[in-house]
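Please read the structure below before turning to the comments.
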Amino acid sequence: MRIVSGIQPTGSLHLGNYLGAIRNWVRMQDSMDADSQCLFFLADLHAISMPHVPGELHSATLEMVAALVACGIDPDRSILFNQAQVPAHAELQWLLNGTARMGWLNRMTQFKDKSGKNREGASVALFTYPVLQAADVLLYQASHVPVGEDQKQHLELARDVAQKFNNDFCSEDAPVFTLPDPITPPEAARIMSLRDGTAKMSKSDPSEMSRINLMDDADEIMKKVKKAKTDPEPLPSESAGLQGRPEALNLVSIYAAVSGKEVDAVLAEFGGQGFGAFKPALGNLLVETIAPLSARFVELKQDREELDAILAKGALKARGLAEPTLNATYDALGLVRGHH
Ligand code: TYM
C-alpha cells in the first residue's frame with residue numbers, strides 16, 4: 001500500500017478536516033505493514049490558487065505541520081513534507097496538462113463553488129488545481145488516498161488522467177501510473193457547518209462560529225456547541241427520525257464519529273431529550289477529545305527550527321520516491337532531457 005494525501009496550509013485545522021481525513025491518516029499510519037508507506041503533505045502550491053499573503057504562507061505551513069504532528073502523524077514513520085520543496089509536483093502537473101481535458105475540469109464543483117460569479121476573474125491555477133492534485137498522488141503511485149467526501153470528485157479526475165495517460169502513451173504491460181482509490185470514513189465523510197446543516201464545515205467560512213478548530217480552548221468549544229443552530233424538536237430515538245433535520249443529523253453524527261458509536265446507539269441514549277441535554281454532552285466529549293491535541297500543538301508550534309527540519313527531511317525522501325515516475329513520464333511523452 002502506498003498512502004498519499006494532502007491538506008492546504010490555509011486557516012486552522014477544523015473538526016471536519018480531523019474527522020473526515022486526518023484521523024484516518026493517523027489510523028492508516030498506525031496500522032501500516034513493513035511494505036507500505038505513508039506520504040502526507042502540505043499543499044502550499046495549491047494555496048496560491050486563491051488570493052494569499054506571501055509573508056504568511058510559510059508560518060501557516062509550519063503551524064499545519066505542528067497540528068498534524070499533534071494529531072498523531074509521526075514524521076519518523078510517515079513522510080511529511082510540503083509541495084514547494086519537491087519540484088516534481090509542479091513538473092508532473094505540466095506533463096499531465098497534456099492529458100487532462102477541458103471538459104473534465106469544467107465539471108469540477110469546487111471550481112464552480114470557489115470562483116462563484118467571478119469565473120472570468122478566477123486564477124488559471126484555481127481551474128487547473130485538480131491536475132496538480134492528480135500529480136500529487138500519481139507521482140508516488142498512490143494506491144489509497146484518505147480524504148473527505150468533497151475531494152472525491154478530484155480523485156475521480158486523477159483516475160481518469162492516469163487511465164488516459166496509460167492508454168495513450170504506455171504499452172499495456174507497462175503502465176506508468178497506478179489508479180488511486182479514495183478512502184472516506186463513512187461516519188464522517190462530510191461534517192457540516194454549525195450554523196447551517198446544509199453547508200460543509202470549511203476553513204473559508206467567514207463565521208468562526210460555523211466550525212470547531214482543533215486549537216479552540218474548552219470555553220470556545222462549549223460556546224460554539226451551545227450556539228450551534230438546531231430545531232425545537234427533541235431528538236428522535238432512531239436515525240430515520242433525523243431525515244429533514246440537517247442540523248440535528250450533523251450534531252448527532254459528530255457525537256457518533258467522535259465517540260466511535262453508531263448513530264443509532266447515540267439516539268438510543270439521547271432519544272426523546274432536547275438539545276438542552278444533548279449539547280452539553282457533545283461539548284464535553286469534544287473538549288475531552290480536543291484538549292490533548294491542542295495542548296501538544298501549542299508546545300510543538302514554538303519550535304520552528306524543528307518543524308523546518310521535519311519538512312526538510314520529508315522533502316528529501318519524497319524527492320527520491322518521486323524520481324522514477326517523473327522520469328518515466330518524460331520518457332513516455334518522448335521528451336528527452338539528456339543527463340542531469
Ligand atoms: P482541504 O485542505 O480543504 O481539506 C483537507 C482534508 O479535509 C477534508 N475535509 C472534510 N472532511 C469532512 N467534512 C468536512 N467538512 C471537511 N472539510 C475538509 C478534505 O476532504 C480533505 O481530505 N485539495 C485538497 C488538498 C489536496 C489533496 C491532494 C488531497 C491537494 N492535493 C492530493 C488529497 C490528495 C484540499 O484542499 O483539502
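Remember, predicted model here, so these are calculated numbers, not experimental data. We count ligands from 1, going down the list as the structure has it; atoms in each ligand are counted the same way.
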Considering only heavy atoms, which protein residues lie less than 4.0 Å from any atom of ligand 1? S5, G6, I7, Q8, H14, G16, N17, G20, A21, F41, A43, H46, Y129, Q133, D136, V137, V145, V147, G148, D150, Q151, A188, A189, R190, I191, M201, K203
With no hydrogens and no angle check, just 3.5 Å: does a side-chain donor-acceptor pair link N327 and R337? yes
Linked hydrophobic residues, L57 as query - side chain contacts closer than 4.5 Å: I48
Parallel, tilted or perpendicular, as decided by the 30° and 60° cut-offs, for the rings of F81 and Y140: perpendicular
Could you list the residues that satisfy side-chain hydrogen bond (donor to acceptor under 3.5 Å, both in side chains) with S78, not counting sequence neighbours? Q29
Can you tell me how far apart CD (E238) and CG (D264) are? Round to the nearest 0.5 Å. 6.5 Å
Ring pair (Phe, Tyr, Trp, His ring centres under 6.0 Å) against Y255, all qualifying residues, sequence neighbours excluded: F270, F278
